[in-house]
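The figures that follow rest on heavy atoms only: side chains count, while hydrogens, waters and symmetry mates do not. Heads up: numbering here begins at 1 and tracks the sequence. Predicted model only: the values in this text are computed from it and were never measured.
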Amino acid sequence: MIYFDNAATTFPKPPAVVQAANDALRFYGGNPGRSGHRMSMAVSEKVYDVRRKAGAFFGAEPENVIFTLNCTHALNIALQGVMAEGGHIIASCLDHNAVLRPLEAMAQKGQISYSVADVIESDPEKTLDNFACLICPDTKAIVCTHASNVTGTLLPVEKLGQLCRERGLLFILDAAQTAGTLPVKLSMGPDIICTAGHKGLLAAPGTGLLVLRPGLALPPLMQGGTGSNSLELLQPDFAPDRYEPGTLNTVGVLSLGAGLLEISRRGVPRIYHHEMALCTRVYEELSRMPGVSLLAQSFKLGEKAPIVSFNLNKLDSNTVASRLSEQGFALRGGFHCAALAHPYLGTQQQGAVRFSPGVFNTPREVEMFLSTVRKIAQGQ
């Protein structure tokens, strides 16, 4: 199987990530922060080392790096925390359901209101204006994806951060599709970064991160044991304990540390250019194939993340993905957990087939894929 579904989760994992997960189970089996014996202390040191690495990667203090189950978990902490006392929030039409469903659930309960800004491809200024015109007196925050998981379109994150600072709003960034592939830092403007560990950061599944700017405190999403203040019935009021009740996924956390080292070794710009070169070849070739329609109007460095979505004739996207799977290629068809993106793009009936390469894919694999798509398009 040639794997082109890295926007869902990266595969294969680097050998160092596999080794780190294996070592966590073999040598670091204690519960961090819960005991004073040597094994507990050893894994506590390992976990802190990963927290420190992640802090350096995102430009945050280590204590403001919160380990979560995935990006969805991080976004729920952020959204439900920021909007705990009600108010209005603005999202984008390209956001993932990890953003939209929590907002809709809170809105259905009458807790909040929210608006959706249209993203205009290749026109970041118009996109920025669309967000700005939705700000009202009770707006508390803007939340948006850094890059669409359907079209790869990048949103003007730094300008949105500046807008939020000027208007006194919080800015929550969903970096699930960009962390590890593009620069993602608190210094770019977000107050909160939410991301997956198992995608561009190359870690094991079941890993995510919530990264907070200094001085920002949110109500916890969950309460429970932390190993600190154990005689108190209230959740600790300090990070990271405030947001990490229960036993950490130490296997995943240690694998994340190895993933961060692998990314640092390769370099984020090099990873981005490699994956974009593969996508550019696919985009250009598909644009010349009869019967193929592309969801993105253009594909340029700096405007897109490494994702190319397409449809083939009138075939259902899941049918095309299944045909490709039969020929040995892993891609995703369907609607990609993006409830508003497909109506906005006009693909709510057909969905889309998503090509998302990773750091280990090669030009030869891309040519094999293109040859197979060409045959399917010709009815072979």
Going by side chain to side chain contact (heavy atoms under 4.5 Å, CB included), Ile89 matches just one of Leu79, Ile142, Thr139. Which one? Leu79
Are Tyr344 and Leu103 connected, step by step, through hydrophobic side chains (Ile, Leu, Val, Met, Phe, Trp, Tyr) whose heavy atoms are closer than 4.5 Å? no
Gln162 side chain to Glu158 side chain, donor-acceptor N/O pair below 3.5 angstrom: no
Can a salt bridge be assigned to the pair Lys46 and Asp49 using a cut-off of 4.0 Å between side-chain N and carboxylate O? no
Applying a strict under-4.5 Å side-chain criterion to I, L, V, M, F, W and Y, I'd like to know whether Val211 and Leu221 cluster together. no
For the side chain of Ser40 and the backbone of His37, is there at least one donor-acceptor N/O pair under 3.5 Å apart? no
Is there side-chain contact between Tyr114 and Glu104, with at least one heavy-atom pair below 4.5 Å? yes
Parallel, tilted or perpendicular: rings of Phe335 and His342 (30°, 60°): perpendicular
Check: Pro236 main-chain N/O paired with Asn229 side-chain donor or acceptor under 3.5 Å: no
Less than 4.5 Å apart, any side-chain heavy atom of His88 and any of Pro137? no
Pairwise distance CZ(Arg364) to CD1(Ile2) - rounded to 0.5 angstrom: 7.5 Å
Under-4.0 Å salt bridge between Arg242 and Asp237: no
Are Leu155 and Leu340 connected into the same hydrophobic cluster when the rule is that any two of I, L, V, M, F, W, Y join if their side-chain heavy atoms are below 4.5 Å apart? no
Rounded to the nearest 0.5 Å, what's the gap from CD on Glu232 to OG on Ser230? Could you check? 9.5 Å
pair Val50-Phe67: side-chain heavy atoms closer than 4.5 Å: yes
Would you check if Leu25 and Val251 make a side-chain contact, meaning some heavy-atom pair closer than 4.5 Å? yes
Shortest non-hydrogen contact between Leu100 and Asp95, atoms and distance: CD1-O, 3.4 Å
Under a 3.5 Å distance rule, please check whether Lys185 uses its side chain to pair with a backbone N or O of Phe57 as donor and acceptor. yes
How many angstroms lie between atom CD1 of Ile172 and atom CD1 of Ile90, to the nearest 0.5 angstrom? 11.5 Å
Taking His336 for its side chain and Ala352 for its backbone only, find out whether a donor-acceptor pair lies under 3.5 Å. yes
Donor-acceptor contact present, side-chain Lys13 to main-chain Ala203, <3.5 Å: yes
Distance from Thr68 atom OG1 to Leu209 atom CG, nearest 0.5 Å? 6.0 Å
Give a yes or no on whether the backbone of Met276 and the side-chain of Thr280 come within a donor-acceptor separation of less than 3.5 Å. yes
Between Glu284 and Arg288, is there a side-chain N and carboxylate O pair less than 4.0 Å apart? no
Nearest heavy atoms of Val143 and Phe131, plus distance in Å: O-CE2, 4.5 Å
Val17-Leu254 co-clustered via ILVMFWY side chain contacts under 4.5 Å: no
Under 4.5 Å between any side-chain heavy atoms of Val373 and Phe329, yes or no? no
Which heavy atom of Phe238 sits nearest a heavy atom of Ser228, and at what distance? CZ-OG, 3.7 Å
Leu315 backbone acceptor or donor facing Asn313 side chain under 3.5 Å: no
Specify the closest pair of heavy atoms between Gly346 and Gln348, including all atoms of both residues, with the distance to one decimal. C-OE1, 3.2 Å
For the CG atom of Asp174 and the OG1 atom of Thr145, what is their distance to the nearest 0.5 Å? 4.5 Å
Does Arg265 pair with Glu262 as a salt bridge, N-O distance under 4.0 Å? yes
Is Arg374 close to Glu285 at the side-chain level, that is, under 4.5 Å between some pair of heavy atoms? yes
Does the side chain of Asn76 come within less than 4.5 Å of Thr72's, by heavy atoms? yes
Closest non-hydrogen atom pair, Asn149 against Arg354: O-NH1, 3.0 Å
Value for CZ (Arg332) from SG (Cys337), rounded to nearest 0.5 Å, stands at 4.5 Å
Main-chain N/O of Ala296 paired with Tyr283 side-chain donor or acceptor, under 3.5 Å: yes
What I'd like to find out is whether the side chain of Leu154 reaches to under 4.5 Å of the side chain of Leu182, using heavy atoms alone. yes
Would you find more than 12 non-hydrogen atoms of other residues, nucleotides or ligands less than 6.0 Å from Arg266 atom CZ? yes
Note: Lys304-Glu121 ion pair, threshold 4.0 Å (strictly below): yes
Is the backbone of Gly334 close enough, under 3.5 Å, to the side chain of Ser317 for a donor and an acceptor to pair up by distance? yes
Please answer whether the main-chain N or O of Val150 pairs with a side-chain N or O of Ser309 as donor and acceptor at a distance below 3.5 Å. yes
What are the two closest heavy atoms between Glu303 and Ser298, and how far apart are they? OE1-OG, 3.9 Å
Quiz question: by atom type and distance under 3.5 Å, do the side chains of Glu365 and Tyr3 form a donor-acceptor pair? no
